Asks: 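Next up is a structure, given as structure tokens.
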Amino acid sequence: MELVEESPHRYRIPAHGAMRVPGVVFASRALLTDVRQALQQVVNVATLPGIVGASYAMPDVHWGYGFPIGGVAATDVADGGVVSPGGVGFDISCGVRLLAADTDAEAFRRALPAVMDGLDRAIPRGAGPGGVWHLTGPGQLERILAGGSRYAVEEGYGEARDLTRCEDGGAVADADTAQVGPRARERGLAQVGSLGSGNHFLEVQWVDEVYDAEVADAFGIAAGQVCVMIHCGSRGVGHQICTDHVRAMDRAMPRHGITVPDRQLACAPVDSPEGRDYLGAMAAAANYGRANRQLLSDAARRVFRRAAGARLSLVYDVSHNLAKIESHPVAGPGVDAVAGPGPGASVETGTGPGAETGPGERRRLCVHRKGATRAFPPGHPDLPEDLRDVGQPVLIPGTMGTASYVLAGVPGGDAFASTCHGAGRVLSRHQAARETTGAQVRDRLEAAGIAVRPRSLRGLSEETPEAYKDVTEVVAASEGAGLCRTVARLVPLGVVKG
DNA sequence: ATGTGC
């Protein structure tokens, strides 16, 4: 496959065969090792009906179900554009939430063991059922699916201010709970307020380095400050919804006259019964994921209050697995996404004030972000007022025991205002577990001064840092590609895992 | 990611 280096962090796969648009890969040379399968998926995605601009890959791209993880694709709703569950992934609305404590790491050290023990008891995790809420009936699940974090806060599990620091104010309005099937509901009942397993975690971290003090200050974080980062999704609900709607679309594709190069790219026009049904169910799962993070935040807050006398305030909550209907400028047909980022250079800049002046007509697009984070630039109307001048906070969870990052959206960013989402796997779970044992991983973390509260040792071995790309390099490549700017680095004091 | 594998 031809990969043309256009700039140090931007590569292009020229459109060929059935591709309707080119592929654009943001990466460094080092990050391009072992991504052959993922880049074939970038090519496959470029054939989808209605796709505009390019099929994008973020620097943390790796192989996924149909679409690559670290992929961004937008389709034109009025031009037969499709929505594909594979473009969101099985863990619908998986995302990250960051809370900042009113204490610094030095003062906090003494309280750490008690806080970790408290979190160990308070945070449900691991595969299968178990959550902080025990639902009393189906009506309560209905309200979670429709109301997300907003419902959790109404019920007393948070502060009104939290909602101003959540993407979409804590809930998307277009959830269609009638499209959430019985199996998804059944699984959802018993998992409200739980981390799950795999790379999901709750970490106690501290701000080890600030790169942009002004933006960090606006976000509410400062050097030395203790934070809590929560990375989790919509558990069995999202998984079952993805499964159910992939099947429905797979059956409906012939009726819509759609053929795809890979069955895992099952899709339907956004403006079709199957497309609308999926988007409504996906929005319900998104709300479930947000409520999930809100409830875990409340559990962490109680522990911090009791064991450390500390208060946690929300920095931001953002998903990295979601499709959204957004308006972006798009160049006319025949115009490729050739140019790199820079003044006047990009064909489909992000939304925001810069976008209106760029070339192309604004179109209603279905933007799929799978393992990619929305990164609105300064001035975007959907940002809360106190963040409007600095841009959207972007939260990047690192590999267990290494670093995580806080980034900010920038003007002129390419890929429909999106950036990376994390480190990205290089070893499969199985391979990782063969490299080391959970006990070894635990001992290494403890020797580095990081407290670990795992639910299973097997899970720890699968998450060994060697299984992932270097998150620092991913973040540097994303900034180098003009997708975001680096604001702060966070390092763990303690890890709670499934 | 996932009651982890049709």
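Below, chains carry the letters A, B, ... as their sequence lines are ordered, and counting in each starts from 1. Since this is a predicted model, take the numbers as computed values, not measurements.
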Asks: Expressed in angstrom and rounded to an integer, what is the separation of A/Arg183 atom CZ from B/dT2 atom P?
Replies: 16 Å
Asks: Please give, in whole Å, the distance from B/dT4 P to A/Gln240 CD?
Replies: 12 Å
Asks: Can you list, pair by pair, the side-chain donor-acceptor contacts under 3.5 Å of residues 21-30 of chain A, counting residues two or more places apart and other chains?
Replies:
{"from": "A/Ser28", "atom 1": "OG", "to": "A/Leu31", "atom 2": "N", "distance (Å)": "3.3"}
{"from": "A/Ser28", "atom 1": "OG", "to": "A/Glu473", "atom 2": "OE2", "distance (Å)": "3.3"}
{"from": "A/Arg29", "atom 1": "NH2", "to": "A/Glu5", "atom 2": "OE1", "distance (Å)": "2.4"}

Asks: In whole angstrom, what separates A/Glu463's CD from B/dT2's P?
Replies: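 Whole-Å distance recorded here is 11 Å.
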Asks: Contact class for A/Gln191 vs. all strands (heavy atom < 4.0 Å): base, sugar-phosphate, or nothing?
Replies: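 Answer is sugar-phosphate: A/Gln191 comes under 4.0 Å of backbone atoms only.
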Asks: Figure out the NE2/P separation between A/His430 and B/dT4, and round it to whole Å.
Replies: 16 Å
Asks: Quick one: side chains of residues 454-461 of chain A, donor-acceptor pairs under 3.5 Å with protein atoms, not counting sequence neighbours, listed by atom name and distance.
Replies:
{"from": "A/Arg455", "atom 1": "NH1", "to": "A/Arg125", "atom 2": "O", "distance (Å)": "2.1"}
{"from": "A/Ser456", "atom 1": "OG", "to": "A/Gly459", "atom 2": "N", "distance (Å)": "3.0"}
{"from": "A/Arg458", "atom 1": "NE", "to": "A/Glu462", "atom 2": "OE2", "distance (Å)": "2.9"}
{"from": "A/Arg458", "atom 1": "NH2", "to": "A/Glu462", "atom 2": "OE2", "distance (Å)": "3.2"}
{"from": "A/Ser461", "atom 1": "OG", "to": "A/Arg458", "atom 2": "O", "distance (Å)": "2.7"}

Asks: Check the distance between B/dT2's P and A/His231's NE2 and give it to me in whole angstrom.
Replies: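 In whole Å, B/dT2 P lies 10 Å from A/His231 NE2.
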Asks: Rounded off to whole Å, could you give me the CD-to-P distance for the A/Glu462 and B/dT2 pair?
Replies: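 Rounding to the nearest Å, CD of A/Glu462 and P of B/dT2 are 12 Å apart.
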Asks: Is A/Gly89 touching bases, backbone alone, or none of the nucleic acid, heavy atoms closer than 4.0 Å?
Replies: nothing
Asks: For A/Asp91 and B/dT4, what is the distance between atoms CG and P respectively, to the nearest whole Å?
Replies: 15 Å
Asks: By salt bridge (charged side-chain N to carboxylate O under 4.0 Å, His left out), which residues pair with A/Arg302, not counting sequence neighbours?
Replies: A/Asp298
Asks: What's A/Arg458 touching, base or sugar-phosphate or nothing? Going by heavy atoms closer than 4.0 Å.
Replies: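 The answer is nothing, as A/Arg458 stays clear of every strand by at least 4.0 Å.
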Asks: Considering every strand and a 4.0 Å limit on heavy-atom distances, what is the contact class for A/Arg235: base, sugar-phosphate, or nothing?
Replies: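 A/Arg235: backbone/sugar contact only, no base atoms under 4.0 Å.
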Asks: Output all residues satisfying side chain to side chain contact (heavy atoms under 4.5 Å, CB included) with A/Trp63, sequence neighbours left out; order by chain, then residue number.
Replies: A/Gln37, A/Gln41
Asks: Round to the nearest Å and state the distance from A/Lys370 atom NZ to B/dT2 atom C1'.
Replies: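 Rounded to whole Å, this separation is 14 Å.
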Asks: Counting just side-chain N and O atoms, does A/Ser197 come under 4.0 Å of either OP1 or OP2 of B/dT2?
Replies: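 Yes, such a contact exists.
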Asks: Where along residues 124-132 of chain A does a heavy atom fall under 4.0 Å from DNA chain B?
Replies: A/Ala127, A/Gly128
Asks: Mind checking what makes salt bridge (charged side-chain N to carboxylate O under 4.0 Å, His left out) contact with A/Arg185, not counting sequence neighbours?
Replies: A/Glu142
Asks: Heavy atoms, side chains only, cut-off 4.5 Å: are A/Met249 and A/Tyr278 in contact?
Replies: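 Yes, their side chains come closer than 4.5 Å.
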Asks: Return the minimal non-hydrogen interatomic distance between A/Leu314 and A/Arg301, and the atom names on each side.
Replies: N-NH2, 3.9 Å
